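So the structure is just underneath, and the comments pick up after that.
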Protein chains: 2
Amino acid sequence: MSLRHALLGFIEMLQPVSGYDLKKWFESSIRFYWPATHTQVYRTLAELADRKLVTTKKIEQTIRPDKKLYSLTDRGKQELVSWLREPLDLPATRHGLMVQLSFADLLDIGDILSLLSNYASKVSAHLLFLKKDQQKFSQYGRTTRERLLWELILESGLEYYRGELRWTEKAIRRLKAHAGKGL
Amino acid sequence: MSLRHALLGFIEMLQPVSGYDLKKWFESSIRFYWPATHTQVYRTLAELADRKLVTTKKIEQTIRPDKKLYSLTDRGKQELVSWLREPLDLPATRHGLMVQLSFADLLDIGDILSLLSNYASKVSAHLLFLKKDQQKFSQYGRTTRERLLWELILESGLEYYRGELRWTEKAIRRLKAHAGKGL
DNA sequence: TCATACATGTAAGTTGTTACATGATTGC
DNA sequence: GCAATCATGTAACAACTTACATGTATGA
């Protein structure tokens, strides 16, 4: 599971850091590649502490709720770096729209086109969102190489969604052309 | 969950059909968009039968193990068609390589390039595999519109992986250039 | 003789989602 | 006055994975 290692990675970058802040970092960056809810984050942090990959320190606060700060242990860093080197399998994608289209011959053309245009508009909205994020994000890198890596990751997302848009538009054209032939 | 509806869709196409055959159809087609193990298939079929969306018929066999054949009920077909019309959220992708690259500044350049070239070779292998599948697959469509849909689905996969390859090659070039500057 | 196809399942574990729970402070 | 931020968690459920289990027939 990459969630564990994503957390180790962020802790390495930000230590000492609270679960709450880790969750916020997830939200604003890696979530496009590995989404996680706060429930999962806290559960996984507890497990990492159990396995002595991180240490915790309780901070008592008066006007805010108490919090715990996490830091990496040597074993945690070892675990992180050795995972970073591991070649992974191709990700298993689950793309509900494609499942729908597989059986969409049961629908009439209007319904099929709605599915596609709904997808297109969600993809466009997401693209806009990613572009806004773009500037904000690439500033944080601590080395030029880290900034380059983050830029590449963001471009991968942009290109993926641009590709989805192109494909959706093509699919709409082809389906309309096909429907037209029937007249 | 799309698995339930993917099964309903295949049952609609192939009924009466055994769980074993449904699994094989998954393997050879939809698995790229919605992978499922045989455990999941059998469990979900039992649930669909429980909910009266499908009916089963036991076939006793001597030289082969007995089997169950599944067919759609009217309620099953209704459920399928109404799901097919539902606009879905954007799929949540989990892309481990991107998680690794997010923290890859902890690695040396050789390790980073290995991650990328390993990914590239897996993507290429998968592309070859998809292209082989291409002819075999598009023959099955029962209407011209169904064939068009399946063609579009397959193209979406091809374009995705071609995009991944292009991105990976660009990433390798940029990282090599960056490493070169340091000399 | 060894792997593969046929055909179905159970059990146990891991991961991921949703709802519930608390309670002060700050900004609109 | 109401929503959002801060900060952490539990409980219950849903989905997915891996290992275990059985037993015949066919082809390389």
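Quick caveat, the model's predicted, so the values are computed rather than measured.
The OH atom of Tyr70(B) sits 10 Å away from the C1' atom of dG9(C) (whole-angstrom rounding). Here the C1' atom of nucleotide dT17(D) and the CG atom of Leu3(B) are 13 Å apart, to the nearest Å. Atom CD in Glu47(B) sits about 14 Å away from atom C1' in dC16(D), given to the nearest Å. Atom NZ of Lys58(A) is separated from atom P of dA7(D) by 16 Å (rounded to the nearest Å). Distance Arg31(B) CZ to dC16(D) P: 16 Å, rounded to the nearest Å. Straight-line distance from the NZ atom of Lys67(B) to the P atom of dT24(D): 19 Å, rounded to whole Å.
For the residue pair Gln100(B) and His5(A), no side-chain donor N or O sits within less than 3.5 Å of a side-chain acceptor on the partner. Judged purely by distance below 3.5 Å, without hydrogens or angles, the side chains of Glu164(A) and His126(A) never pair a donor atom with an acceptor atom. Residues His95(B) and Tyr119(B) have side chains that bring a donor and an acceptor to within less than 3.5 angstrom of each other.
Within a 6.0 Å radius of CG in Asp74(A), no more than 12 heavy atoms belonging to other residues, nucleotides or ligands are found. Under a cut-off of 6.0 angstrom, the local environment of NZ in Lys77(B) is sparse, with at most 12 non-hydrogen atoms contributed by other residues, nucleotides or ligands.
Taking for each of Pro35(A) and Lys68(B) the nucleotide of DNA chain C with the nearest heavy atom, the 5'-most of the two is the partner of Lys68(B).
Side chain of Arg31(B) to main chain of Phe26(B): no donor-acceptor pair is present (N/O by atom type, distance under 3.5 Å, no hydrogens or angles). Using modelled atom types, no side-chain atom of Arg94(B) and backbone atom of Trp34(A) make a donor-acceptor pair closer than 3.5 Å.
Using cut-offs of 30° and 60° on the angle between ring planes, the pair Phe103(B) and Phe10(A) is perpendicular.
Checking dT8(D), dT17(C), dG16(C) against every side-chain atom of Trp34(A), the shortest atom distance belongs to dG16(C).
Comment: Glu155(A) engages Arg174(B) in a salt bridge, judged by a side-chain N to carboxylate O separation of less than 4.0 angstrom. Glu159(B) has a carboxylate O that lies under 4.0 Å from a charged side-chain N of Lys170(A), or vice versa, which qualifies the two as a salt bridge. Under a 4.0 Å N-O distance rule, the pair Arg173(B)/Glu169(B) does not qualify as a salt bridge.
Scanning residues 77-97 of chain A for heavy-atom distances under 4.0 Å to DNA chain D yields Arg94(A). Listed in residue order, the members of residues 12-22 of chain A having a heavy atom less than 4.0 Å from DNA chain D are Ser18(A), Gly19(A), Tyr20(A).
The phosphate of dA5(C) (OP1 or OP2) has no side-chain N or O of Lys24(B) nearer than 4.0 angstrom. One finds no side-chain N or O of Lys23(B) lying less than 4.0 angstrom from the OP1 or OP2 phosphate oxygen of dC6(C). Listed pair Gln40(A) / dT17(C) meets the phosphate criterion, a side-chain N or O lying under 4.0 Å from OP1 or OP2.
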Please write out the pairs of protein N or O atoms and N or O atoms of nucleotides 10-14 of chain D separated by less than 3.5 Å, giving the distance to one decimal.
none

